[in-house]
Amino acid sequence: MKDSYYITTPIYYANDVLHIGHTYTTVAADIITRWKKNSVNNVFFLTGSDEHGSKICEAAKEKNKEPLAYCNEIVDSFKNTWQQLNIEYTSFIRTTDTVHILTVEKFIQALYDNGDIYKSNYEGLYCVPCEKFLSPTELVNDLCPDHNTKPVKQCEENYFFRLSKYRDQLIELITNKNHLQHFDILPEQRRNEVLGKLKLGLDDISISRTNLPWAIPLPFDKSQTIYVWIDALLNYISAIGYADDSEKTQFKKFWPADVHLLAKDILWFHSVIWPAMLLALKLPLPAKVFSHGFFTVEGQKMSKTIGNVLHAEDLVKIYGVDATRFLLLTAFPFGSDGDISLALFKEKYNAHLANNIGNFVSRVTNMAQKYFNGKVTIPENWPDPEITEILKILEPADTHISNVRVDSFIEIMISLSSWGNLYIDKNAPWQLAKTDMKALEKVLYNALIIIKYIAVLSSAVMPESAVKIWKTIDEKQDIQECARNLAKLSPLTGSNVNKPEILFPKIL
RNA sequence: CGCGGGGUAGAGCAGUCCGGCAGCUCGUCAGGCUCAUAACCUGGAGGCCGUUGGUUCAAAUCCAACCCCCGCAACCA
C-alpha cells in the first residue's frame, strides 16, 4: 500500500485572470488534499499555469509586454487568488520553468527515439488574422467566424504523434476494471462519451508548429515548436521530478497520479492524448480523471461578452473565504453541470451555514456557558447508544473523498448539524436545567461532541471555521488524529467551553 | 438521422444506473419551543415526475416513438 497521494488541477492558461470556474476545481482539490493528509503521509497537490502559445503572445502584445513579463504578472494574480482562498498547494508548476522545459524536451525526444513521432504534411485551412488552422466544422459559410474572412489552404510539414496506435489499448484500459492498469474516467457519462468517440476512430495528431515562437522548440528539429497542449500535459510529471535524476525517488513516490481533476472541456486531452503519451513510454497511467461540470450564471453561459463572469474574490467579499468554499462546492452535484446565482448562494448560506451549522454551535456553546460555566464533564458510560448514532452519518466521509464526491462529503456536516438540532429539541435541555442537571450535562456533552465532529470535517472544507470551533470548545486533541479515527468517537479533551463567536452571521 | 446534457410542487434541485409509499432547500399556511444568529422543532397545502404507447403484480426509474429547452463555434474550468 503506497503511503502517498497525488492530485492535480489543470494548469490554467495565463492569458487572463482566474474566474470562478478555476476556483471551483482548485477548491475541490484543496478539500480532497486536506482530508487525505489526515491519513496519508505524503500528499502532493499540484496546480500551476500554462504559459505558451499564440494567445499568450497576443494578450502580452495588447499590454505592450514581453510574454514572460506578462505571464509573471498573471502568475502573481493566480497565486494571490489561491492565497485568498486558503489553497494549500504543494507545488505550483509553470510551463516556463526550466525543469518543465527540460522534461518536455526529454519526453519528446524519448517519444521520437521510440518511433512514435514522424514527419508528415499537415494540410488545413489557415486563417491569417487568427494565425491558426481552423477545422472545417469551425467555419460558418466557409468563413472564419471571428474575422468573416476566407481561410486559405495551407500546407505545413509537421511532426505527428502516433496516437492511433494506442486506441485499442486505451479502450481496453478504460473498459476493463480488473486490469492492473485500469484507467478510470469519471463520472460515468463522461467515460461513455470518451469511449463512444474512441470507437469512432482515432487519428494521429500534429504535435508541432512552424510559426509559433512562444513555445518550446522540438529537441530534434529546432525549426519547429511543440504544440502547447502536448507541452501542458507534461506538467503533471515535470512537477514531481521526471526529468531530474536526483528527484527520482520523488517521481517514484508520487507517479502515477491518483486523480486529475478537470472540467469537461479538456476531457479529451486528459483521457486520450495524455494516457497515450504515457503508454508510448511505458509509464503507468493515472488512476482516474474526474471531469466536473460547467457553470451557467442565472441560466446563461458565463462569458465576457455577456459580462456575467463571476470571480471568487467577489464571493469572498460577501461571504468570507470559508463560506465561499462551502457554497461553491455545494451549489450542485460534483460532476454535473449546474446553474449558480447570487440569490442561490445567499439562500444556501443562510439555510445551511447561518441557521443550521452556525446557530447550532451557538446555541449549544451558549448553554454550556449558561448552565455549567463552560465546564461540561464526561458522562458515565460514554459514548452512549444515542451519540454513537452519528457514526452512521460520519461513516461515508472517506468514501466520498475517494470517489471525488466533495459535495456529498460536505453534506455530512449539514446532516450532523441537523441531527444535532433535532437532538437538542427532543431533549429540551432548558427543561432539564430545572429538573435534572446530570441529564442536562449529558445532552450538552453529546451536543458538543457533534460540534467537535463538524469541526473535524470542516478542517478540510472551511479551515478557518474549524480552528474557531476548536478554540471555542477548547479542544486539545490533534484534529488530524481525530479525523483519522472517524470510526470511533473521541471524547472532549478541553476543560472549558468558551464564549462562542458568531461563525456565519445571517445575511439579510 | 452529427454528439451530449436536461424537462420532478410557486422557485431551485436530488432520486433514474439497480423498478417497490415522490424527497431536499427556499417560499407559503398552522402549531410548538424559548437554549440559540427573528434562529430551532412538528404538521399542512401544493406534483398527471415533458407527451404518447409498451413491458411488469408494480414505472419518475426499464423499452419505443415524439415534443420542448440548453451546451458542443468563443474569452473560458
Side-chain angles (χ1 to χ4, degrees), chain A residues 9-13 15-29 55 58-59 130 134-140 144-146 187-190 192-194 196-197 200 261-268 291-296 298-307 309 330-333 336-341 343-344 346-348 350-371 407-408 411 414-415 417-418 420-433 440 443-444 447 500-508:
Chain A
T9 70
I11 47 175
Y12 304 116
Y13 205 50
N15 66 336
D16 203 354
V17 294
L18 298 166
H19 60 65
I20 205 164
H22 306 101
T23 307
Y24 185 67
T25 320
T26 310
V27 169
K55 283 189 189 138
E58 285 163 26
C130 286
L134 301 175
S135 80
T137 53
E138 283 180 88
L139 303 180
V140 179
C144 164
D146 289 338
E188 201 182 339
Q189 319 156 1
R190 296 270 106 85
N192 293 338
E193 221 171 293
V194 170
K197 231 170 148 182
L200 288 177
L261 270 189
L262 43 109
K264 60 182 187 181
D265 58 334
I266 54 176
L267 179 64
W268 183 252
S291 160
H292 68 249
F294 270 13
F295 292 118
T296 51
E298 295 185 2
Q300 280 184 305
K301 220 171 151 170
M302 194 161 67
S303 94
K304 278 186 191 167
T305 327
I306 299 173
V309 176
T330 49
F332 50 85
S336 29
D337 291 344
D339 190 52
I340 57 171
S341 68
L344 179 80
K346 186 173 145 183
E347 182 192 308
K348 295 240 177 196
N350 282 332
H352 297 138
L353 289 175
N355 295 348
N356 199 339
I357 295 174
N359 180 56
F360 177 66
V361 173
S362 179
R363 68 196 298 210
V364 172
T365 49
N366 257 297
M367 281 190 277
Q369 275 279 319
K370 185 169 181 168
Y371 300 131
D407 54 332
S408 309
E411 294 285 338
I414 302 170
S415 303
S417 175
S418 296
N421 273 322
L422 205 56
Y423 178 72
I424 291 292
D425 209 69
K426 276 195 291 204
N427 289 284
W430 48 91
Q431 293 293 336
L432 293 175
L440 170 64
V443 169
L444 289 186
E501 67 175 296
I502 298 294
L503 285 175
F504 306 106
K506 185 150 181 165
I507 291 177
L508 299 172

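Keep in mind that this is a model prediction, so the values were computed, not measured. The chains referred to below are lettered A, B, ... by the order of the sequence lines, with proteins before strands, and numbering in each begins at 1.
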Who pairs with A:F332 by side-chain contact (heavy atoms from CB on, under 4.5 Å), at least two apart in sequence or on another chain?
A:Y24, A:F295, A:I340
For A:L353, is there any backbone N or O sitting under 3.5 Å from a side-chain donor or acceptor partner on A:K348?
no
For A:S418, what residues pass the side-chain contact (heavy atoms from CB on, under 4.5 Å) criterion, not counting sequence neighbours?
A:N356, A:I414
Protein N or O to nucleotides 26-30 of chain B N or O, pairs below 3.5 Å:
{"residue": "B:C26", "atom": "O4'", "partner": "A:E347", "partner atom": "OE2", "Å": "3.0"}

Sequence neighbours excluded, which residues qualify as side-chain hydrogen bond (donor to acceptor under 3.5 Å, both in side chains) partners of A:T365?
none
Considering only the C1' atoms, how many Å lie between B:C26 and B:C69, rounded to the nearest integer?
24 Å
Using atom C1' in both nucleotides, what's the gap between B:G6 and B:G20 to the nearest angstrom?
26 Å
Atom-to-atom span, CD1 of A:I414 to P of B:A14 - whole angstrom:
15 Å
Set of side-chain hydrogen bond (donor to acceptor under 3.5 Å, both in side chains) partners for A:K264, sequence neighbours left out:
A:D337
Take the protein atom CZ of A:R363 and the nucleotide atom C1' of B:A36, then report the distance between them rounded to whole Å.
6 Å
Can any side-chain N or O of A:N421 pair as donor or acceptor with the backbone N or O of A:F360 at less than 3.5 Å?
no
Given the P atoms of B:C67 and B:A11, what is the spacing between them in whole Å?
25 Å
With pairs defined as Watson-Crick or G-U wobble and both distances under 3.5 angstrom, please note down RNA chain B as a dot-bracket string, | for pairing with another strand.
.(((((((.[[[[.)....(..]]]].(((((.......))))).....[[[[[..)....]]]]])))))).....
On a whole-Å scale, what distance lies between the C1' atoms belonging to B:G44 and B:G4?
42 Å
C1' spacing across the pair B:U34 / B:G15, given as an integer number of angstrom
37 Å
Side chain of A:N421 only, heavy atoms from C-beta on: which candidate in B:A36, B:C41, B:C33 is closest?
B:C41
By side-chain contact (heavy atoms from CB on, under 4.5 Å), A:D425 pairs with (sequence neighbours left out) A:W430
Is there side-chain contact between A:R363 and A:I424, with at least one heavy-atom pair below 4.5 Å?
yes
Applying side-chain hydrogen bond (donor to acceptor under 3.5 Å, both in side chains), name anything that partners A:Q369, two or more places apart in sequence or on another chain.
none
Could you work out the separation of B:U55 and B:A64 based on their P atoms and round it to a whole Å?
15 Å
What contact category does A:K197 fall into here, base, sugar-phosphate, or nothing, at under 4.0 angstrom with non-hydrogen atoms?
nothing
Starting at atom OH of A:Y423, determine the distance to atom P of B:C35, rounded to an integer number of angstrom.
18 Å
Nucleotide nearest A:R190 (side chain, heavy atoms from C-beta), chosen from B:C35, B:G4, B:C75
B:G4
Using side-chain contact (heavy atoms from CB on, under 4.5 Å) as the criterion, list what pairs up with A:D16, not counting sequence neighbours.
A:K304
Rounding to an integer number of angstrom, what distance separates B:C57 and B:C66 when you compare their C1' atoms?
29 Å
Heavy atoms from C-beta onward define the side chain here; which of B:C41, B:U37, B:C35 lies closest to that of A:L422?
B:C41
Which one, B:C35, B:A39, B:G4, comes nearest to the side chain of A:D425?
B:C35
On a whole-Å scale, what distance lies between the C1' atoms belonging to B:U16 and B:A22?
12 Å
